[in-house]
Amino acid sequence: MGKKVVIVGGVAGGATALARLRRLDEDLEIVLFERGEYISFANCGLPYYIGNVIENRESLLVQTPEGIMERFNASIRIKSEVIKILREEKKVLVRDLETKEEYEESYDYLILSTGSTPLRPPIPGIDSPNIFSLWNIPDTDAIKSFIEKEKPKLAVVVGGGFIGLEMAENLYELGIKVSIVEMLDQVMAPLDYEMAQIVHEHLTNVGVDLRLKDGVKRFDYKDGVITVTLQSGKTIDADMVILSIGIRPNSELAREAGLAVNERGGIIVDKYLKTSDDYIYAIGDVIEVEDFVNKNKTMVPLAGPANKQGRIVANNILGAKEEYRGTQGTSIVKVFDLTVANTGTNEKTLNRLGKVYNKDYFIALIHTNSNAGYYPGALPMTIKLIYDKEGKILGSQIVGYKGVDKRIDVIATAIRFGAKVSDLKELELAYAPPYSSAKDPVNMIGFVAENQLTGKVDIATWKDLENIDENTVILDVMEDEERKLGHIKNSIHIPLGQLRASLDELDKSKNYIVYCAVGLRGYIASRIMKQRGFKVKNLAGGFTTYKTMFCQRDEENCIGLKEGPMIFSDTGVQRI
C-alpha cells in the first residue's frame with residue numbers, strides 16, 4: 001500500500017506540493033483540506049480585479065477543486081477545517097464547515113501550508129461597516145460589490161505595503177480619492193528611506209493624500225461615512241477603508257500540537273523544511289526561514305518562495321534530501337506608472353544587525369536611463385547597490401518607470417550565485433537602443449561600486465549633508481542654466497569645464513563634497529581634484545537624490561527650485 005500525504009491549505013505552497021507529489025508518484029494517496037472554497041487562486045492579482053484591470057473573475061482561479069481532482073487524482077475537501085493534529089496517532093481532526101461534522105483522517109506525512117491572516121489590531125471601531133481587508137476571493141468579492149453598489153468617492157488605505165499601494169492605485173483608477181495612512185516614516189518597508197522618498201514624491205504628484213508617521217487612533221461610523229481619527233488628532237472622512245496593516249502566521253494548529261514555533265508564531269523548520277516532528281513539514285507564510293544574505297532567521301511571506309518550498313517538500317517526502325537554501329526577499333510592485341523592486345538585504349537591516357556603513361558595507365547609487373537616451377521613450381531609474389568590503393553583493397533596490405524588472409532579476413541572480421560587484425561590470429547583457437545602453441545600468445552600478453572599493457572615488461551620501469561642519473565645502477559642478485533651476489543652499493559653483501583652471505582658488509585644507517545632476521560629472525570632478533591632492537567626496541546620486549531627500553521637506557534647502565517635478569540628468573533638465 002502506498003504512502004498517504006495530507007496537506008492542510010492550498011494556494012501557492014500546498015497546491016504546488018500536491019502537483020509535485022503526484023507527478024513523482026502515481027500510487028501516493030493525497031488528501032488536501034482547505035477551510036475556504038478556493039484551492040488555487042492568484043492572490044497577487046486581487047487588487048487588479050477590483051480595479052478592473054483584470055476583467056474576468058474566473059481568471060483569478062488558477063485551478064478549481066474539480067480540475068485538480070481530475071488532473072492529479074487527489075482528494076480535495078473544501079470548506080473543511082483541520083482543527084487538531086493528533087501527532088501520536090498520526091491523524092488530524094477535521095470539521096466539515098457545512099455539516100459541522102467532525103472526523104479523523106490518518107496520514108503518513110503531513111504538510112502544513114496554513115498561510116497567514118491580515119492583522120486587525122484592537123483599534124476602536126475597527127469592526128464598523130465599510131472597513132475591509134484584502135486577502136482572498138471572498139474579501140475581493142465583498143470589496144468589488146461594495147464599490148459597484150455604493151459608488152464610494154473617498155477611501156482610506158491603512159498601511160503602505162505591497163497590498164496597500166496596489167489597492168491605492170486601483171481605487172484611484174476607479175475615480176476614488178485615496179488617502180494612505182502609514183505609521184512608519186515611509187511606505188514599502190523593504191526599501192531604504194532615500195529610495196522610498198522617490199515613491200512618496202510620485203504618490204504625491206499623482207494626487208494621493210499621503211500621511212506618514214501617523215497611525216490610526218479610532219474609526220467612527222455614521223450614516224455611511226467613516227471618520228478616521230489619527231494619532232496626531234487629525235481626521236479623514238472616508239466612504240470605505242482598506243486595512244493593510246500586516247499579517248500574522250496561521251500557526252495555531254502547530255502550536256497546539258506542540259511543534260516548535262518562534263516568538264512571532266512562525267513554525268520552525270530545518271533545512272529540509274521539516275518541523276520538530278519527523279512526519280510533519282511546513283511551507284509558505286507560516287514558517288520561519290533563513291535570510292539568504294545575512295543568515296539570520298526571518299519570515300518572508302512571498303508566493304515565489306512558497307512555491308519552491310512546496311516542490312522541495314514533495315521531493316523530500318519521497319526520499320530526496322533537498323535543502324531550502326534561504327529566502328532573499330526579491331519582490332516588485334507597480335505603484336501607478338512607477339515600478340519598485342528590491343532583492344537581498346537593505347541598509348536598515350544591516351544597521352539593526354550592528355553593521356556600520358563605510359566599515360562593514362558600502363553603497364553605490366546611480367540615476368540612469370532605462371535605455372539609450374537618444375532613443376525615444378527613455379525614462380529614469382534609480383539603482384541602489386549594497387555590498388561588503390570584499391565586494392560581495394548584499395542587496396539592491398531599484399525604482400523607475402520601465403526596465404526595472406529585468407535589472408532587479410539580474411542582480412537577484414548575481415546575489416544567489418555569490419557574485420561580486422566586479423562581476424556586474426563584466427556581465428554581457430542584451431543591448432539595442434529601445435531596451436538598454438551599450439553599458440547597461442547593471443554594468444554601470446558595477447563600475448561605480450568597484451571605483452569606490454578600489455579607492456578611485458570616495459562617496460558622500462545624503463546623510464552626510466545633514467550635519468555639515470565649517471571645514472566642509474559643497475561644490476556644484478553643474479552648468480549655469482542647471483544651477484538656476486535648483487541647487488544646494490550654501491554651495492559654491494564652478495562648472496566642470498572650468499574646474500581645472502580654478503583649482504588654485506580652492507583651499508586644500510578643506511573637505512569637499514562635489515555634486516552634479518546625477519553623479520557622473522561629480523565623479524569626473526572628484527577624480528580631477530583627488531589627483532591634485534584635494535580631500536574630496538562625490539555625492540551619491542547628485543542633486544537628484546538631494547532634491548528628493550531635502551526639497552520635499554523644505555524648498556529653502558534647494559535654492560532656485562521651480563515648481564513642478566523635474567528630471568535632472570547629465571544631458572540636461574526635463575520637466576515631467
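Residue numbers count from 1 along this sequence. Keep in mind it's a predicted model, so treat the numbers as computed, not measured.
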Provide the closest heavy-atom pair for [X] versus [Y] in the form atom of the first, atom of the second, distance.
{"X": "Tyr107", "Y": "Arg87", "value": "OH-CA, 4.0 Å"}
{"X": "Ser396", "Y": "Ile383", "value": "OG-CG2, 4.0 Å"}
{"X": "Val6", "Y": "Ser106", "value": "CG2-O, 3.5 Å"}
{"X": "Leu32", "Y": "Gly9", "value": "CD1-O, 4.0 Å"}
{"X": "Phe292", "Y": "Ile415", "value": "CE2-O, 3.4 Å"}
{"X": "Ala74", "Y": "Leu18", "value": "CB-CD1, 3.9 Å"}

Over 12 foreign heavy atoms within 6.0 Å of [atom1], [X]:
{"X": "Lys334", "atom1": "NZ", "value": "yes"}
{"X": "Glu89", "atom1": "CD", "value": "yes"}
{"X": "Met183", "atom1": "CE", "value": "no"}
{"X": "Arg71", "atom1": "CZ", "value": "no"}
{"X": "Arg77", "atom1": "CZ", "value": "yes"}
{"X": "Lys234", "atom1": "NZ", "value": "no"}
{"X": "Lys84", "atom1": "NZ", "value": "no"}

Is it true that [Y] and [X] share a donor-acceptor pair across their side chains at a distance under 3.5 Å?
{"X": "Tyr361", "Y": "Asn351", "value": "yes"}
{"X": "Asn342", "Y": "Ser331", "value": "yes"}
{"X": "Arg57", "Y": "Ser59", "value": "no"}
{"X": "Asn250", "Y": "Thr114", "value": "no"}
{"X": "Glu288", "Y": "Asn262", "value": "yes"}
{"X": "Asn307", "Y": "Thr16", "value": "yes"}
{"X": "Thr298", "Y": "Asp291", "value": "no"}
{"X": "Asn296", "Y": "Glu290", "value": "no"}
{"X": "Asp237", "Y": "Thr227", "value": "yes"}
{"X": "Glu322", "Y": "Asn316", "value": "no"}

- [ ] Test Trp135 against every option in Ile163, Leu243, Leu46, Thr140 by the side chain to side chain contact (heavy atoms under 4.5 Å, CB included) rule and name the one that passes.
- [x]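 Exactly one candidate clears the test, Ile163.
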
Open item on the list: Using the rule side chain to side chain contact (heavy atoms under 4.5 Å, CB included), only one of Asp405, Val399, Val404, Ile408 pairs with Thr339; which is it?
Closed with: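 Result: among Asp405, Val399, Val404, Ile408, Val404 is the only option passing the side chain to side chain contact (heavy atoms under 4.5 Å, CB included) with Thr339.
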
Donor-acceptor pair, distance only, cut-off 3.5 Å: does the side chain of [X] make one with the backbone of [Y]?
{"X": "Ser276", "Y": "Ala260", "value": "yes"}
{"X": "Asp360", "Y": "Val356", "value": "yes"}
{"X": "Arg22", "Y": "Asn73", "value": "yes"}
{"X": "Glu34", "Y": "Gly10", "value": "yes"}
{"X": "Ser251", "Y": "Ile267", "value": "no"}
{"X": "Asn170", "Y": "Met167", "value": "no"}
{"X": "Lys348", "Y": "Leu191", "value": "yes"}
{"X": "Gln328", "Y": "Ala412", "value": "yes"}

Open item on the list: Quick check on salt bridge (Lys or Arg N to Asp or Glu O under 4.0 Å): which of Lys4, Lys91, Lys90, Arg95 does Glu105 satisfy it with?
Closed with: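 Among Lys4, Lys91, Lys90, Arg95, the one that satisfies the salt bridge (Lys or Arg N to Asp or Glu O under 4.0 Å) with Glu105 is Lys4.
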
TODO: Report the relative orientation of the aromatic rings in Tyr279 and Tyr109; use parallel for angles under 30°, tilted for 30 to 60°, perpendicular for over 60°.
DONE: tilted

Task: Tyr357 and Phe362 aromatic ring geometry - parallel, tilted or perpendicular at 30°/60° bounds - done: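 Rings of Phe362 and Tyr357: perpendicular, over 60°.
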
Open item on the list: Nearest 0.5 angstrom please: Leu424 CG to Ile445 CD1, how far?
Closed with: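 Output value for this atom pair is 8.5 Å.
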
NZ/NE/NH1/NH2 to OD/OE distance under 4.0 Å, [X] and [Y]:
{"X": "Glu390", "Y": "Lys392", "answer": "no"}
{"X": "Arg407", "Y": "Asp409", "answer": "no"}
{"X": "Asp220", "Y": "Lys222", "answer": "no"}

Open item on the list: Checking Asp139 now: which residues fulfil side chain to side chain donor-acceptor pair (under 3.5 Å) with it, not counting sequence neighbours?
Closed with: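 With sequence neighbours excluded, Asp139 shows a side chain to side chain donor-acceptor pair (under 3.5 Å) to no residue whatsoever.
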
What donor-acceptor contacts under 3.5 angstrom involve side-chain atoms of residues 142-151, with partners at least two apart or in another chain?
{"from": "Lys144", "atom 1": "NZ", "to": "Tyr49", "atom 2": "O", "distance (Å)": "3.0"}
{"from": "Lys144", "atom 1": "NZ", "to": "Asn52", "atom 2": "OD1", "distance (Å)": "2.6"}
{"from": "Lys151", "atom 1": "NZ", "to": "Glu148", "atom 2": "O", "distance (Å)": "2.4"}

Task: Axial cation check for Tyr172 ring with Lys177, 6.0 Å and 45° limits - done: no

Open item on the list: Any heavy-atom pair between the side chains of Lys384 and Ile398 that's under 4.5 Å?
Closed with: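 Heavy-atom side-chain distance check fails, nothing below 4.5 Å.
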
